Amino acid sequence: MERARKRPVGQREQPPAGPYEVRSAKPPETELELLVHGVGGTTPEKMLGDPRTVRVTGDDTAAVFRRAGDAGTGPDGSGAGGEAGRRHGREPGSGPVREAYVWCNLTSGDGSRALWLLLLPFMVVNLAHWMRPAAPDRPRVVRLYGLLVRLAALTLTVLLVAAACEVALDLVAWQCAGVQDCVRRHSWLGFLSPAAGGWWSAPGRRLALAAALPVTLTGLLWYLSHRTWRAYESHRPLPSATGPAGDEQEPPGDDAGSAAHGSALVRAGFWYGRRLVARLRAAHTAAGLLTVAGAVTIPAVRFDHRPGGPAVLDVLGPLLAAALLVCGAAVVTVVCRRGRDERRLDQRLDRHVVRGLPLAALALLLLGLVYAGWSRPGWRSTGRLPGDPSFGALMPAQGVLVVALAVVAGYLHRRRPDPRAAMRGLGGPAVALLACALGGVISGGVAQRVSDWLDGTRALLTGPPVLLTWQASVIPPLLAVLLLLAAGLALHTARLARAERHRVRREHPGEPEDPSRTRAIAHARAMATLTDRAPLVVAVLTATTLVLGSVALAGALATRRTPEGAAHHTHHLVRAVAETSQALGSWLVGLGFLLFVTWGRRAYKDASARRTIGILWDVGTFWPRAAHPFAPPCYAERAVLDLTWRMATWTRRTGGRLVLSGHSQGSVLAAAAAWQLPPSVRGRVALLTYGSPLERLYGRWFPAHFGPPALAALHHDIDCWRNLYRRTDPIGGPVRVPDDTCPDVDHEPLRDPLAYGRTPDHPLPAPILGHSDYQSDPAFTRERARLLTRLRPEPPDRRPGTGPEPRDEAAGAPA
């Protein structure tokens with residue numbers, strides 16, 4: 001994206017102005033519109049409708065832009081904006097000065113974003129933390145909800161590292177390297193073969209060498225989490241932002257301190273969770289290292305614990321295993337501790353935990369590698385690597401956590417029923433289950449593909465754990481259920497489109513009928529309603545996943561064979577179904593894994609593909625990392641900071657009127673920024689949202705933070721608020737603020753298209769805009785002008801030259 005434009009030929013360069021230096025006697029700007037784009041990103045040229053734009057403030061990651069003709073107006077430039085504006089086509093009084101905040105590079109920047117695909121299950125489980133129902137009078141139950149989500153997130157880390165151990169330690173080092181025929185097919189394993197008689201041929205040393213892969217994976221996750229925190233989330237919020245007063249003893253993350261404000265997003269420390277992220281990062285890193293240590297140590301302990309074995313090793317093995325258990329208990333204890341302290345900035349760190357826990361786990365891992373590599377005559381690698389029950393223990397643990405989470409969420413929902421909440425408050429448990437299922441599919445897919453690559457004939461190796469094969473085998477029936485659901489939704493949409501045709505005709509009386517035009521409009525409206533069916537899709541998907549996952553777990557534990565082997569002596573029809581499901585499931589898992597790798601490779605090389613993936617991060621990484629530290633970074637902790645600094649400094653210096661204009665996901669950022677503004681600034685800021693998912697998506701799926709009480713509180717704090725939407729928009733909708741004391745927020749649905757047929761104003765057919773191009777509607781300009789009229793300019797808090805300008809401590813530049 002081009003960040004700055006060359007000044008026109010002949011235009012004289014002005015020296016930089018001081019913070020409060022005024023170069024002209026002309027009055028400063030008094031009206032400003034700050035535009036915030038939505039998902040997918042855009043360019044400042046498109047947002048401002050001018051090919052000449054300049055960066056006012058910011059960096060290459062996120063910045064504020066103006067048209068070149070407006071760059072000299074107000075306190076940010078030379079003060080000669082009137083003349084420059086006339087040169088570039090903008091007349092004084094034609095409207096507010098417009099600025100564009102471009103934040104798309106926060107989620108779709110350089111090629112390293114492709115690595116974030118690995119973090120997809122972590123992002124999904126982090127969403128579950130924020131999807132709980134609102135319950136301001138039950139802080140202990142709310143705390144229990146967060147605890148269960150954090151424990152489920154911990155199991156996902158262990159699952160991912162265990163999958164890497166399954167590939168590197170079990171399939172490669174234990175099974176393939178121990179079979180001479182497999183070594184012949186993969187000559188690069190020759191130095192590990194027992195037939196070679198080399199130093200690395202001992203089973204324990206092979207395991208110690210193969211442990212480098214899962215250890216590297218754990219280190220990569222730690223590095224990504226640490227690096228992204230410093231790049232995106234380490235900026236401190238506006239110092240003057242105020243939230244409800246209180247002490248640090250209140251249970252963090254609950255509604256107790258924000259009941260009067262409706263949402264915890266008003267708290268000063270909501271967008272700065274440094275302490276929790278650092279503590280969870282240390283715990284999850286230690287958990288990954290302990291998982292590798294256990295995978296290396298347990299086989300050696302089991303071999304030493306035999307009659308006639310070395311007495312010293314028989315004593316050291318249990319001691320090392322006990323130390324691993326103690327360190328694992330410490331990890332769980334750290335995860336179970338209180339979560340975020342949202343009342344104030346989490347500036348201090350638990351250094352003894354952040355440093356000591358990973359170092360202790362690393363020390364135990366090194367001891368385990370030395371212990372496993374000790375010489376043990378007679379030790380041979382046969383069958384699967386001992387410790388296979390670990391996968392069998394992880395899946396039931398995840399199921400128990402999800403069921404407990406559903407019980408807690410149901411209880412919270414009953415305390416304050418919200419008819420608009422998705423799945424009656426069970427959206428969080430459903431998403432947590434889907435995250436666990438996604439982690440299982442990725443783990444099973446990697447193990448299955450590596451097994452097929454090492455042993456294409458499936459005659460040399462025992463293969464991956466049977467539970468992973470059972471999990472892959474339930475994918476075909478799951479897809480069959482989803483296809484039936486898709487067919488039902490298609491029929492429902494077709495019926496709704498037929499009903500909409502009559503409404504479209506009634507809305508345009510007296511105009512010649514155009515059947516194709518009517519069908520197109522009706523179809524767009526019907527398709528837009530599919531967003532409201534998302535809770536049904538998630539409910540069906542979750543229920544089916546839970547049932548089929550239970551069947552897979554029961555089948556694996558009861559038979560200890562693959563589905564094909566378990567059905568070997570059954571009826572021929574049952575055997576055919578089992579064989580087909582296993583073969584098709586293995587193929588689908590492999591195809592999904594290949595698509596996953598291909599997608600990541602394209603994202604690394606192709607900026608357009610990376611921007612498409614960035615749309616996923618735009619929606620999924622809005623929330624802070626409160627459950628999983630390895631999730632992709634929260635871009636809102638930077639974007640909300642930027643917006644609040646820009647609005648606060650501009651209003652204080654000019655005393656003017658500001659319209660915060662947000663489209664789609666930008667409206668969510670705008671609302672979050674408005675909550676963070678000091679009360680003195682809120683009175684000079686109006687909110688204009690369009691195509692906004694504030695209630696339609698966020699209010700239903702995140703009721704504790706964007707539910708009816710939260711939106712009513714936002715309306716009370718920012719009473720100059722107007723929302724525009726269309727019936728053809730699949731994302732935006734009304735906000736339905738339940739407040740009778742203030743003017744209505746929602747504008748009546750905008751016409752889309754602007755004209756049914758050809759008219760003098762629209763001689764060519766007007767397009768059906770749906771979710772895009774709201775600013776082309778005349779209602780946009782009209783409503784913006786009304787918001788500015790309702791705001792009254794006030795004297796600025798600081799006059800030019802009376803004091804230093806507030807500065808962004810993180811960026812080191814004027815806001």
Side-chain angles (χ1 to χ4, degrees), residues 160-220 288-289 291-304 306 309-310 313 365-388 390-391 443-466 468-469 586 589-590 593-594 597 601:
L160 181 64
V161 178
C165 292
E166 169 62 27
V167 170
L169 276 68
D170 186 9
L171 293 177
V172 177
W174 184 266
Q175 294 189 36
C176 187
V179 178
Q180 188 61 28
D181 292 339
C182 187
V183 172
R184 292 195 186 97
R185 297 185 58 182
H186 304 281
S187 57
W188 54 277
L189 292 175
F191 73 103
L192 299 178
S193 174
W199 191 85
W200 290 105
S201 62
R205 293 166 188 168
R206 299 203 307 262
L207 295 178
L209 179 61
L213 176 63
V215 170
T216 302
L217 174 62
T218 305
L220 176 62
L289 296 176
T291 301
V292 182
V296 174
T297 304
I298 290 176
V301 171
R302 294 185 60 177
F303 179 78
D304 293 336
R306 73 188 193 283
L313 295 180
L365 172 62
L366 295 177
L367 290 176
L369 296 179
V370 174
Y371 170 77
W374 208 264
S375 178
R376 292 177 176 83
W379 192 14
R380 298 290 182 270
S381 58
T382 58
R384 294 191 181 93
L385 182 68
D388 181 40
S390 59
F391 284 97
S443 302
V446 173
Q448 193 68 49
R449 287 305 93 200
V450 173
S451 178
D452 292 344
W453 172 60
L454 293 174
D455 181 18
T457 62
R458 300 186 180 180
L460 303 176
L461 307 182
T462 308
V466 294
L468 297 181
T469 305
S586 176
V589 166
F593 177 70
L594 292 177
V597 174
R601 186 173 179 271

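Just so it is clear, the model here is predicted, and its values are computed rather than measured.
Closest heavy-atom contact between Ala295 and Leu169: CB-CD2, 3.7 Å. Here the shortest heavy-atom pairing between Leu385 and Pro299 reads CD1-CG, 3.6 Å. Scanning all heavy atoms of the two residues, the minimum distance from Ser381 to Trp174 falls at OG-O, 3.1 Å. Between Gly373 and Arg205 the shortest heavy-atom distance is O-NE, 2.8 Å. The two atoms that bring Ala372 and Ala300 nearest to each other are CA-CB, 4.2 Å, heavy atoms only. The two atoms that bring Gly383 and Thr462 nearest to each other are CA-OG1, 3.6 Å, heavy atoms only.
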Just list the side-chain donor-acceptor pairs under 3.5 Å for residues 182-191, sequence neighbours left out, or say none.
residue, atom, partner, partner atom, Å
Arg184, NH1, Asp181, OD1, 2.5
His186, NE2, Leu454, O, 3.1

Review item, side-chain donor-acceptor pairs of residues 193-201, under 3.5 Å, at least two apart:
residue, atom, partner, partner atom, Å
Ser193, OG, Gln180, OE1, 2.8
Ser193, OG, Ala195, N, 3.2
Ser201, OG, Gly198, O, 2.5

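Residues Val172 and Leu213 are not in side-chain contact: their nearest non-hydrogen atoms beyond the backbone lie 4.5 Å or more apart. Residues Val301 and Tyr371 meet the side-chain proximity criterion, which asks for heavy atoms closer than 4.5 Å.
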Carefully, step by step, assess Gln448 and Leu468 under the rule side-chain contact (heavy atoms from CB on, under 4.5 Å). CA-CA 8 Å; Gln448 193 68 49; Leu468 297 181; 5.8 Å; no
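Rounded to the nearest 0.5 Å, atoms SG (Cys176) and CG (Asp170) are 11.5 Å apart. Leu207 CG to Ile298 CD1: the interatomic distance, rounded to the nearest 0.5 Å, is 11.5 Å. Distance check, rounded to the nearest 0.5 Å: CD of Gln175 to CD of Glu166 gives 7.0 Å. Taking CZ from Arg384 and CG from Leu171, the interatomic distance works out to 9.5 Å, rounded to the nearest 0.5 Å.
Distance alone, capped at 3.5 Å, places no donor-acceptor pair between the Ser451 side chain and the Ala447 backbone.
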